[in-house]
There are 2 protein chains.
Amino acid sequence: MERGRAALGPALELVHTGRAPTRAVLTAELGVTRATAGAVAAELEALGLIRVDARPTASTGSQGRPSHRLSVAPDGPVVLAAQIHADGFRAALVGLGGRMVATAPGCMTVPADPARIIDAVVAAGAGLLRETGRRCLGAGLAVPSAVAEPEGTALNPLHLSWPAGAPVRTLFTEALAKAGVLGPGGVPVPGMAGNDVNLAALAEHRHGAGRGARHLLCVATGHRGVGGALVLDGRLHSGSSGLALEVGHLTVNPAGLPCHCGSRGCLDVEADPAAFLTAAGRTPGPDSSLLHQATELLRTAYDDPSVRDAAELIADRLGLGLAGLVNILNPDRIVLGGLHRELLAADPDRLRAVVADRSLWGRSGSVPILPATLDHNSLVGAAEAAWQPVLDDPLGVLG
Amino acid sequence: MERGRAALGPALELVHTGRAPTRAVLTAELGVTRATAGAVAAELEALGLIRVDARPTASTGSQGRPSHRLSVAPDGPVVLAAQIHADGFRAALVGLGGRMVATAPGCMTVPADPARIIDAVVAAGAGLLRETGRRCLGAGLAVPSAVAEPEGTALNPLHLSWPAGAPVRTLFTEALAKAGVLGPGGVPVPGMAGNDVNLAALAEHRHGAGRGARHLLCVATGHRGVGGALVLDGRLHSGSSGLALEVGHLTVNPAGLPCHCGSRGCLDVEADPAAFLTAAGRTPGPDSSLLHQATELLRTAYDDPSVRDAAELIADRLGLGLAGLVNILNPDRIVLGGLHRELLAADPDRLRAVVADRSLWGRSGSVPILPATLDHNSLVGAAEAAWQPVLDDPLGVLG
DNA sequence: GTATTTTGTTTAGCGTCGGCACAAAGTCAG
DNA sequence: CTGACTTTGTGCCGACGCTAAACAAAATAC
């Protein structure tokens with residue numbers, strides 16, 4: 001009776017990522033018959049997740065009956081996405097397709113303990129849900145720290161002056177229950193928590209510069225330190241305990257600065273915004289503005305030789321680290337975020353040349369290196385994590 | 001009518017890896033009903049791949065009807081496995097379960113060009129097939145070089161004095177056709193080719209020290225250089241073009257020896273058998289005996305302070321490299337082969353301590369590091385690669 | 001010896017999907 | 001404008017592959 005139950009998840013993911021604009025291509029992508037694809041689309045529409053245009057698309061030039069366009073339901077359910085960073089937090093409602101429906105930024109003038117700030121960001125999200133009246137199907141939280149699995153604890157939330165091992169997922173889930181954020185069936189939605197760079201990589205893979213990549217490597221800075229993430233065949237690879245891609249301690253300058261990890265010349269201290277500012281002869285400001293300060297300097301004063309030299313120095317070190325990662329992971333695309341995105345924009349060729357030169361197989365076809373393209377990609381990534389159960393089994397969540 | 005088609009592959013893999021000793025646990029592992037599991041087992045038995053014991057197992061102590069044991073068919077079909085290394089080649093027939101049915105070693109006194117030696121090893125394998133009269137379902141070849149995908153070319157067969165880019169998979173497939181190695185339907189079997197360490201990792205994961213690991217990292221030496229491999233959720237991760245886990249150029253000694261990659265202090269030149277022999281004050285012999293020479297020295301003269309010191313030096317460097325990999329890959333187990341296996345055996349605690357100390361989260365639960373346990377694991381791994389199509393879809397190959 | 005537990009088999013039933021025919025809605029050729 | 005063609009969407013049927021449930025078999029437990 002209900003046709004196409006197994007294909008329901010894959011079909012939703014295709015529409016979600018914009019790879020199934022019509023039922024015809026959905027049929028081809030799923031490898032099923034038109035009958036099944038039609039039933040799948042009807043089912044997803046009945047669930048309120050996608051929309052099938054009543055009018056066929058305007059003439060495409062090709063002959064044959066025109067297809068009806070598929071798209072995510074514009075006022076379908078959403079997920080609650082939250083991000084905490086050094087200078088504040090941000091809550092948002094995100095629909096399918098990575099569509100940001102509503103956002104609420106928040107400041108944090110004094111460092112707060114994990115429970116307080118997580119409560120605050122959830123309260124902001126719950127407010128958005130009340131204002132918009134949207135159904136909520138899940139919730140995701142991005143934090144600037146490695147998050148251990150399956151415990152859901154933040155292992156190194158250094159930039160938030162939190163205690164190591166803060167149980168962020170539990171706190172998030174409890175805050176959601178307290179705030180009355182209910183999912184299908186009236187039960188509180190479970191909270192997902194993850195590292196911000198990991199989640200940003202997921203977002204870039206689904207909706208940004210990483211679309212279509214099979215093995216996507218992302219490297220990005222916040223204010224301090226360098227983070228990495230890897231998406232393999234569409235799934236985030238976070239290692240056996242969530243701690244993979246801690247790339248900050250690759251050695252990129254053997255005679256460099258000592259690092260808190262015990263070694264010296266780590267990527268973390270040699271290629272982050274603070275390192276760039278120092279190299280350019282500038283005095284780094286407070287931690288919570290390093291990224292902004294570095295980015296502005298790079299954008300406005302690139303003609304200044306000291307800035308240019310510093311940019312090239314940092315780019316060379318980053319290139320060395322990326323080359324090491326290419327030798328180990330062999331990705332087919334690299335996306336850079338934070339300061340590294342700006343370094344790439346300032347001089348794309350230099351960085352690419354260093355990576356090609358220092359990676360073993362660089363000569364025989366180098367890896368494309370692209371800047372991140374999404375605004376708030378960690379936030380969208382938190383939403384992706386929250387959507388994942390729905391994408392895996394729509395009926396299991398909504399049935 | 002034909003019951004259990006989707007579960008056929010998973011079921012075969014369970015029996016193949018020894019995780020389904022009876023139909024009862026097969027039922028549980030597959031998550032199907034007893035009826036389906038019984039039909040699946042019957043189908044696999046009819047295909048000649050597994051055997052269902054006629055007599056029930058001896059009393060197990062637990063009550064209830066005793067189960068009939070499942071095992072791989074002792075005289076079922078085989079695959080042709082081949083390995084080429086610096087001092088010769090080896091051909092074998094390998095059945096399901098990693099059972100070596102017949103082997104034929106071969107020497108190579110003078111360096112030969114790829115086509116000649118591949119022809120020779122295939123001829124040896126074809127001879128074994130004629131002698132034993134076994135059905136052949138596939139063929140796999142292990143070479144000491146990165147193998148590019150999808151081209152199937154050997155990119156750095158340095159130890160074989162082959163030209164870089166030798167099309168080993170094509171040569172292998174052609175040799176199989178020439179030698180008349182036929183599969184089901186009388187068509188020549190296709191040849192698979194892969195890096196020896198990669199294939200060894202696959203073998204250790206299925207039948208050796210890596211059994212049950214979710215994310216398995218293998219690191220091993222041959223005579224020169226260091227190789228790595230990663231098995232993720234049971235599948236070999238060889239990157240987007242087959243070049244992943246080229247771990248030989250991690251920096252482990254910033255002030256160390258220059259490497260042909262342009263850097264200095266790479267794992268390749270700092271932690272291979274030649275480096276160990278030099279550190280111990282011994283004169284390295286010819287390339288094709290370095291591993292043997294180093295292993296013997298380590299086994300017989302570990303009381304000699306110079307040997308012990310050298311072993312500890314190399315182990316420390318290896319530990320540094322492994323720690324870097326742990327930070328990036330976060331595996332839940334590490335298996336070491338070649339000289340590294342012996343270093344681990346000589347002093348297990350030292351290596352584990354270095355890795356725990358230098359990896360970021362070592363304190364909160366360090367990664368188990370184990371020695372490889374299979375003889376000829378690259379050869380068995382080549383067989384695993386050849387079996388893969390059968391494990392994925394038995395009917396597609398045999399139906 | 002009977003009850004209980006666990007395993008294996010048979011049968012019936014049903015859900016899900018492919019195949020096919022048909023309808024719908026456009027372009028193309030004359 | 002009309003008819004042929006192409007492509008998309010839908011309804012119906014049948015087959016395949018599974019579950020469920022009852023039954024049978026073979027051991028242990030009391």
Side-chain angles (χ1 to χ4, degrees), chain A residues 1-12 14-15 19-47 50-71 393-396 399, chain B residues 1-12 14-15 19-47 50-71 393-396 399:
Chain A
M1 194 188 288
E2 295 293 357
R3 204 191 301 227
R5 218 172 62 181
L8 219 51
L12 181 57
L14 286 169
V15 178
R19 284 177 294 161
T22 68
R23 271 178 290 203
V25 321
L26 182 65
T27 303
E29 291 287 325
L30 291 176
V32 296
T33 59
R34 286 202 298 274
T36 302
V40 166
E43 176 93 28
L44 290 175
E45 191 179 26
L47 288 170
I50 73 169
R51 187 179 59 177
V52 182
D53 279 13
R55 300 228 155 280
T57 55
S59 66
T60 59
S62 68
Q63 57 178 332
R65 176 177 173 174
S67 201
H68 299 238
R69 206 176 55 196
L70 302 181
S71 53
D393 181 12
L395 284 177
Chain B
M1 193 187 289
E2 294 293 352
R3 207 196 298 231
R5 221 172 60 180
L8 220 51
L12 181 58
L14 286 169
V15 178
R19 283 177 295 162
T22 68
R23 272 178 290 204
V25 320
L26 182 65
T27 302
E29 291 288 325
L30 290 176
V32 297
T33 59
R34 286 202 299 273
T36 303
V40 166
E43 176 95 25
L44 289 175
E45 192 180 24
L47 289 171
I50 74 168
R51 189 180 59 176
V52 182
D53 279 13
R55 300 230 154 281
T57 56
S59 67
T60 58
S62 69
Q63 58 178 328
R65 175 176 174 176
S67 201
H68 298 237
R69 206 177 54 197
L70 301 182
S71 53
D393 181 11
L395 285 178

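Proteins get letters first, then strands, A, B, ... in listed order; numbering begins at 1 in each. The analysis underlying the following values was restricted to heavy atoms, covering all of them including side chains, and did not include hydrogens, waters or symmetry mates.
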>> Could you tell me how far apart B:Leu26 (CG) and C:dG8 (P) are, to the nearest whole angstrom?
In response: 10 Å
> Is there side-chain contact between A:Leu26 and A:Leu70, with at least one heavy-atom pair below 4.5 Å?
Replying inline: yes
> For the side chain to side chain contact (heavy atoms under 4.5 Å, CB included) test, which of A:Ile50, A:Asp393, A:Val40 pairs with A:Leu12?
Replying inline: A:Ile50
>> Let me spell it out: for each of A:Arg5 and B:Val25, pick the nucleotide of DNA chain C with the closest heavy atom. Which residue's pick is nearer the 5' end?
In response: B:Val25
> Which residue pairs pass the side chain to side chain donor-acceptor pair (under 3.5 Å) test with at least one member in residues 21-31 of chain B, sequence neighbours excluded?
Replying inline: none
> Of all the choices, C:dG18, D:dA27, C:dT7, which nucleotide is nearest to the side chain of A:Thr36 once you look at every atom?
Replying inline: C:dG18
> Which residue, A:Ala6 or B:Thr27, contacts DNA chain C at a nucleotide closer to its 5' end, judged by nearest heavy atom?
Replying inline: B:Thr27
> Between B:Arg69 (CZ) and C:dT6 (P), how many Å, whole number?
Replying inline: 22 Å
>> In this structure, how many angstroms lie between the P atom of C:dT7 and the CD atom of B:Glu29, rounded?
In response: 13 Å
> If you find the nucleotide of DNA chain D closest to A:Ala35 and the one closest to A:Arg65, which residue's nucleotide is nearer the 5' end?
Replying inline: A:Arg65
>> Any N or O donor-acceptor pair under 3.5 Å from the base of C:dG8 to the side chain of B:Arg34?
In response: yes
>> Can you see if the side chain of A:Ser67 gets near the phosphate of D:dT7 - specifically, an N or O under 4.0 Å from OP1 or OP2?
In response: no
> Of the candidate nucleotides D:dA20, D:dT6, C:dT5, which contains the atom at the shortest distance from the side chain of B:Gln63?
Replying inline: C:dT5
> Expressed in angstrom and rounded to an integer, what is the separation of B:Glu43 atom CD from D:dG17 atom P?
Replying inline: 9 Å
> How many Å lie between CG on B:Leu395 and P on D:dC16, as a whole number?
Replying inline: 13 Å
> For the atom pair CZ (B:Arg19) and CG (B:Leu14), what is the distance rounded to the nearest 0.5 Å?
Replying inline: 5.0 Å
>> If you compare every side-chain N and O of B:Arg23 against the phosphate oxygens of C:dG8 (OP1, OP2), does one of them come in below 4.0 Å?
In response: yes
>> Walk me through whether B:Leu395 and B:Leu47 qualify under side chain to side chain contact (heavy atoms under 4.5 Å, CB included).
In response: CA-CA 9 Å; B:Leu395 285 178; B:Leu47 289 171; 4.2 Å; yes
>> Distance check needed: C:dG8 P versus B:Glu45 CD, whole Å only.
In response: 13 Å
> Between atom NE2 in B:His68 and atom C1' in C:dT6, what is the gap in whole Å?
Replying inline: 12 Å
